[in-house]
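Below is one structure; the comments refer to it alone.
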Amino acid sequence: MDKTLEAIGINTEQLNSKVIHNRVETEKLLGVTNQTLNTFKRKGWLKTSRYKNKNYYTTQSIKECIKSQLFENEYEKGKLDKEWESLWK
């Protein structure tokens, strides 16, 4: 799985270094702006947790967001190929 993430430009060392990431770290990991991050949240691709008025994102939530971006049609229909799904576990 790490090789797949690295191939698409994700810093896996940083991603796996912590279980929870703040907004700035998540933006850097995904290579997006704050506005794009909010769009991901609004579309349900990225789940947030709030603590003291700050957003935090779990490593698992970030991976799910990446997976939904790569396999948008199949992911939404629930038809994600089992061979690819095993890469994300």
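- Leu30 has its side chain within reach of Phe40: a pair of non-hydrogen atoms, C-beta onward, lies under 4.5 Å apart.
- Within the 4.5 Å cutoff, the side chain of Thr36 has no heavy atoms near those of the Glu27 side chain.
- In this structure, the side chain of Ser61 does not engage the main chain of Thr58 through any donor-acceptor pair within 3.5 Å.
- When side chains are defined from C-beta on, Glu64 does not count as touching Thr59, because their heavy atoms never get closer than 4.5 Å.
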Quiz prompt | Residue pair Arg23, Thr26: steps toward the side-chain hydrogen bond (donor to acceptor under 3.5 Å, both in side chains) verdict | solution = CA-CA 5 Å; Arg23 180 188 54 81; Thr26 304; over 6 Å; no

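- Summarising the local packing, NZ of Lys18 is surrounded by more than 12 heavy atoms from other residues, nucleotides or ligands at distances under 6.0 Å.
- Between Glu25 and Lys28 there is no salt bridge, since no side-chain N of the basic residue sits under 4.0 Å from a carboxylate O of the acidic one.
- Annotation: the span from Lys63 atom NZ to Asn16 atom CG amounts to 4.5 Å, rounded to 0.5 Å.
- Although no hydrogens or angles enter the test, the distance criterion places no donor-acceptor pair under 3.5 Å between the side chain of His21 and the main chain of Tyr56.
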Quiz item: After noting the C-alpha distance and the side-chain angles of Asn55 and Arg50, does the key distance pass the side-chain hydrogen bond (donor to acceptor under 3.5 Å, both in side chains) rule?
Solution: CA-CA 5 Å; Asn55 288 325; Arg50 289 188 60 82; 2.8 Å; yes

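- Other residues sharing the hydrophobic cluster of Val24, ordered by chain and number and joined by side-chain separations under 4.5 Å: none, the residue standing alone.
- Tested against Tyr57, the residues Leu37, Leu29, Ile20 include a single side chain to side chain contact (heavy atoms under 4.5 Å, CB included) partner, Leu37.
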